[in-house]
Protein chains: 2
Amino acid sequence: MPVERVRRRIPEATVARLPVYLRILVEQATEEVECISSEGLAELAGVNAAKVRKDLSYLGSYGTRGVGYEVAFLVYQIRRELGLTHDWPVVIVGAGNLGQALAGYNGFGERGFPVAGIVDIEPGKVGSVIGGVRVRHIDDLQQIVQSRRVSIGVVATPPSAAQDAADRLVRAGVTSILNFAPVVLAVPRGISVRKVDLAVELQILSYYEQRRVGVGLQAVGSNDSTRGASA
Amino acid sequence: MPVERVRRRIPEATVARLPVYLRILVEQATEEVECISSEGLAELAGVNAAKVRKDLSYLGSYGTRGVGYEVAFLVYQIRRELGLTHDWPVVIVGAGNLGQALAGYNGFGERGFPVAGIVDIEPGKVGSVIGGVRVRHIDDLQQIVQSRRVSIGVVATPPSAAQDAADRLVRAGVTSILNFAPVVLAVPRGISVRKVDLAVELQILSYYEQRRVGVGLQAVGSNDSTRGASA
DNA sequence: CGCGCTTTGTGAACACGTGCACAACTGCAT
DNA sequence: ATGCAGTTGTGCACGTGTTCACAAAGCGCG
């Protein structure tokens with residue numbers, strides 16, 4: 001390993017798959033698997049083996065020809081590349097149905113995204129405790145973000161309040177937003193946004209479901225997870 | 001309009017954007033907007049105007065040059081193409097945190113996906129009522145799917161139970177699955193699967209967040225929603 | 001009616017992502 | 001040492017998606 005490593009750009013599609021590989025590799029590690037081939041990983045991830053190899057090659061040449069990849073080492077490398085060597089506390093805006101479910105979902109904390117706070121604009125919702133975190137008023141947002149060094153915000157408000165929530169998050173200093181509200185958020189350049197729209201997912205399924213009729217069962221695309229983080 | 005229209009194939013990426021256009025158009029309609037240009041729609045959807053035109057052109061030539069698109073008509077056409085001319089009842093497997101939030105989320109029913117039922121394997125969870133729907137035992141799944149003609153199932157179980165949930169859904173007759181569990185589901189050919197993995201979304205944000213350091217703020221990809229439904 | 005303004009629809013170039021196929025390389029057995 | 005079986009890393013061709021740029025077409029006005 002020579003001097004300083006140049007930070008190469010990893011294709012968007014690959015970035016979206018790395019977390020999947022990571023999850024599988026961690027699971028394999030707990031099952032005492034020490035080494036895995038691209039073929040094996042591909043099988044578990046539901047993708048093509050060549051794709052796995054190409055994806056992993058963006059991290060560097062960490063495999064051993066004739067053998068495969070050392071699971072623990074790969075886990076370390078993917079974690080490092082994804083920036084998962086430390087926790088990323090998140091703050092949730094909106095303590096409704098979804099916000100509560102997210103705050104109560106242990107998967108976040110377990111995977112390195114502890115809930116640093118949850119806020120709502122409704123005074124009535126403030127004070128209750130969800131998943132060990134007390135709901136605070138949205139006016140405390142800036143204080144939470146700054147004291148806990150939060151850089152990721154989650155918008156779990158009704159659609160009408162989502163843009164305001166995003167604006168407040170940005171003002172508070174958050175630089176990445178995960179948006180669950182069915183609206184297109186406008187954010188300043190340099191802020192990353194990803195959206196998860198449940199109804200959109202169902203509508204896409206509806207499209208393929210509808211096409212089924214009269215066409216007979218047929219393959220309808222792959223199962224990738226390629227979506228950009230906006231600027 | 002001549003005889004029977006041949007059903008053309010719409011690109012995956014376009015299918016993923018149509019629901020977004022639809023939501024915006026419906027909103028515009030309620031605000032009495034009768035006509036919209038590709039430019040205007042693109043602005044609201046956060047995409048390129050040429051992309052909007054190309055996307056809409058897959059539906060047919062429904063715009064008027066020099067004028068734009070009639071909102072109400074476009075709404076109708078997109079609905080028709082996405083198969084949203086009738087409701088698609090869904091059944092939710094898993095009445096934990098997330099399942100409850102989904103069942104209680106009105107957005108589903110409002111957008112044409114009423115919750116036909118929610119089931120859990122835990123007898124303790126059976127009987128409680130969420131969002132007006134009573135939780136039933138997973139053994140009733142087949143009965144619910146068949147009596148209510150459900151073709152879309154939602155997996156909202158812990159990861160360890162997800163594959164079993166999917167198997168049961170498929171056996172019960174469901175042909176599309178929306179998976180919230182962080183596992184890669186194995187399904188027979190012909191079954192569509194889309195997955196929503198919250199931790200993966202956060203990990204992707206983490207990647208771009210991490211790259212920010214030392215690189216300075218910069219654009220990090222687009223904000224599309226292109227993901228396949230698997231076969 | 002004809003002219004100019006506006007906006008669509010689309011051909012063509014380009015960018016991006018995928019998958020094949022194979023050379024390069026490793027480890028093991030003999 | 002040498003050969004062989006196995007697996008990676010990657011060049012290349014292909015397919016998909018995006019964007020530009022412009023001809024074709026509608027509308028309104030004089």
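The aromatic rings of A:Y105 and A:F108 stand perpendicular to each other, their planes meeting at an angle above 60°, with 30° marking the opposite boundary.
A donor-acceptor contact under 3.5 angstrom links the side chains of B:Y207 and B:R211, judged on distance only.
Between the CG atom of B:D55 and the P atom of C:dT10 there is a distance of 13 Å, given to the nearest Å. When rounded to the nearest whole Å, the span between CG of B:L56 and P of C:dT7 equals 15 Å. In this structure, the OH atom of B:Y62 is 12 Å from the P atom of C:dT10, given to the nearest Å. Regarding A:L74, its CG atom lies at a distance of 10 Å from the P atom of D:dT8, rounded to whole Å. What separates CD of A:E70 from C1' of D:dT8 is a distance of 15 Å, to the nearest Å. We find that CD1 of A:I10 is positioned 15 Å from P of C:dC16, with the value rounded to whole Å.
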Reading nucleotides 20-30 of chain D from 5' to 3' and marking B where a protein heavy atom lies under 4.0 Å of the base, S where only the sugar-phosphate is that close, and - otherwise, the string is BB--BBSS---
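Dashed line: the shortest gap from a side-chain N or O of B:S37 to OP1 or OP2 of C:dT7 is not under 4.0 Å. A close approach under 4.0 Å does occur between a side-chain nitrogen or oxygen of A:Y69 and OP1 or OP2 of D:dG9. At the phosphate of D:dT18, OP1 or OP2 sits under 4.0 Å from a side-chain N or O atom of B:R17.
The distance from atom CG of B:L169 to atom CD1 of B:I152, rounded to the nearest 0.5 Å, is 11.5 Å.
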The dot-bracket string of DNA chain C, counting Watson-Crick and G-U wobble pairs with both distances under 3.5 Å, using [ ] for crossing pairs and | for pairs to another strand, is ||||||||||||||||||||||||||||||
